[in-house]
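A short worksheet on the structure shown next.
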Amino acid sequence: MIWEELDAHLDRVPGIVSAYVGRPGARPTWTRRADATHYAASTMKLAVLVALFRAAEAGRLDLDAPVPVRNSFDSALSGAPRFANDRDYDNDEAVWDRVGGEASLRWLAERMIVRSSNLATNICIGQVGLPAVAQAWALAGARHSVTGRGIEDFAARDSGIDNLVTAADLAALLGELALGATRPGPLASPAGCAAMLDVLVAQEHREDLAAGLPDGTRIAHKNGWVRGVRHGAGVVFPDDAPPYTIVVCTTTDLADGGADGEVEDDACRLIAHVSEQVWAARHDLAG
């Protein structure tokens, strides 16, 4: 069976590899260490996206209103000095080009996802607040994932405040988005969930999950990386089968592509291999 073969393959990978595969709203077809916590890297931006759309639907934010683009943020650690992002550690010059000016939250949210902009992420967190991000995780049914701080908030990190995810929690959030686009759900209206999926479909970093799929396959996904970590989390929409959720989280020395994530490494190829194998079994997933 494909799942036993994948487990045997992943048993030989150094470090920790977690996985979750299943149809949204159904029991998983295959899991592997799905509740193991990993450093979140940029997959935490999924919950920030949900928090923004929820706040907009509640009338607390206007996604189309301009907000200041400033590189200065409050630390999650009480009493710590404000912190800033490193331009060389980011992935999106378009946001940095607007520093000192303004941009809409909708545009910043899109850059946070499609280019994984750290600066856009911290601006969005500053607008919506970390408690709203925590609520997004909770409403999705996440049990272990935490977004405790902004990106490069080193004072908070060094005090033990961190960003963590599990494969099961990422799958729960993405599954609720997929289901929520077809009927009312806990995260947002059907229109809001569909809009968020469209943002995730526009993802430009396609070195892992998307690389294992046939060209043109619709996948709404977010990945995350730092040296030693590479994750891919998405919902795949085949033309010939129902949608399925796939998440692969790796904490491994194979993830040596560096902080910019632009270099395909062995962790990317590993995730792509899992994605390819799951695609081949797409008709046989539990419903």
Side-chain angles (χ1 to χ4, degrees), residues 20-26 28 42-58 61 63-64 104-117 120-121 124 128 132-133 135-137 139-142 145 147 165 167-206 208-224 231-248 271 275 278-279 282 285 287:
Y20 184 108
V21 172
R23 305 222 186 270
S42 289
T43 57
M44 51 80 82
K45 297 168 184 176
L46 284 166
V48 179
L49 181 70
V50 173
L52 284 170
F53 273 73
R54 286 183 52 77
E57 290 192 346
L61 290 176
L63 293 180
D64 296 308
S104 73
L105 275 174
R106 189 181 305 277
W107 183 81
L108 290 165
E110 290 171 354
R111 304 310 294 183
M112 171 180 72
I113 298 299
V114 303
R115 290 302 304 165
S116 208
S117 168
T121 302
C124 289
V128 75
V133 182
Q135 185 181 33
W137 281 121
L139 289 170
S145 295
T147 302
V165 293
D169 289 347
L170 288 167
L173 189 149
L174 286 164
E176 285 295 347
L177 278 183
L179 291 172
T182 64
R183 48 92 172 130
L187 296 186
S189 68
C193 288
M196 285 186 272
L197 289 174
D198 285 342
V199 174
L200 294 167
V201 167
Q203 170 65 249
E204 295 178 11
H205 293 284
R206 304 180 66 82
D208 40 61
L209 287 179
L213 300 173
D215 289 345
T217 302
R218 189 170 190 258
I219 176 173
H221 65 124
K222 183 72 191 82
N223 33 32
H231 308 324
V235 182
V236 180
F237 296 89
D239 290 335
D240 59 352
Y244 63 88
T245 304
I246 176 171
V247 181
V248 184
I271 296 172
S275 182
V278 174
W279 171 263
R282 65 193 181 280
L285 304 183

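Scanning both residues, L52 and A109, for their nearest heavy atoms gives CD1-CB, 3.8 Å. For M112 against L49, the heavy-atom pair with the smallest separation is CE-N, 3.7 Å. Of all non-hydrogen atoms in E176 and A140, the two that sit nearest each other are CG-O, 4.0 Å. Summarising the geometry of P24 relative to P243, their closest heavy-atom pair is CD-O, 3.5 Å, with the distance given to 0.1 Å. Across all their heavy atoms, T245 and G175 have their closest contact at OG1-CA, 4.1 Å. Scanning both residues, A136 and A47, for their nearest heavy atoms gives CB-O, 3.7 Å.
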Step by step, would you call M44 with T121 a side chain to side chain contact (heavy atoms under 4.5 Å, CB included)? CA-CA 10 Å; M44 51 80 82; T121 302; 4.3 Å; yes
Apply side chain to side chain contact (heavy atoms under 4.5 Å, CB included) to D208 and V248, showing your working. CA-CA 9 Å; D208 40 61; V248 184; over 6 Å; no
Derivation and outcome, side chain to side chain contact (heavy atoms under 4.5 Å, CB included), residues L209 and W279: CA-CA 10 Å; L209 287 179; W279 171 263; over 6 Å; no
Report the C-alpha separation of V236 and R282 in whole Å, then their side-chain angles, then the decisive distance to 0.1 Å, and conclude whether the side chain to side chain contact (heavy atoms under 4.5 Å, CB included) test is met. CA-CA 10 Å; V236 180; R282 65 193 181 280; over 6 Å; no
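The distance from the NE2 atom of H205 to the NZ atom of K222 is 6.5 Å, given to the nearest 0.5 Å. Atom-to-atom distance recorded for R206:CZ and H221:NE2 is 4.5 Å, nearest 0.5 angstrom. The line from CE of M196 to CG of L174 is 10.5 Å long, rounded to the nearest 0.5 Å. Here the CG atom belonging to L213 is positioned 7.5 Å from the CD1 atom belonging to I246, to the nearest 0.5 angstrom.
The closest donor-acceptor contact from the side chain of Q203 to the backbone of A220 lies at 3.5 Å or more, if one exists at all. In this structure a side-chain-to-backbone donor-acceptor pair under 3.5 Å is present from R54 to P186. Checked by atom type and distance alone, the side chain of E57 pairs as donor or acceptor with a backbone atom of S189 at under 3.5 Å.
Around atom CG of D239, no more than 12 heavy atoms belonging to other residues, nucleotides or ligands sit under 6.0 Å away. The environment of CG in D215 is sparse: at most 12 heavy-atom neighbours from other residues, nucleotides or ligands sit within 6.0 Å.
Side-chain contact between C124 and L105 is present, with at least one heavy-atom pair separated by less than 4.5 Å. Using a 4.5 Å cut-off on side-chain heavy atoms (C-beta onward), Y20 and L170 make no contact. L200 is listed as a side-chain neighbour of L46, based on a closest heavy-atom distance under 4.5 Å. Side chains of F53 and C193 form no contact here, defined as non-hydrogen atoms less than 4.5 Å apart. Two residues are said to be in side-chain contact when any heavy atoms from C-beta on lie closer than 4.5 Å; W137 and V50 fail this criterion.
Judged by distance alone, the side chains of K45 and S117 never bring a donor and an acceptor atom under 3.5 Å apart.
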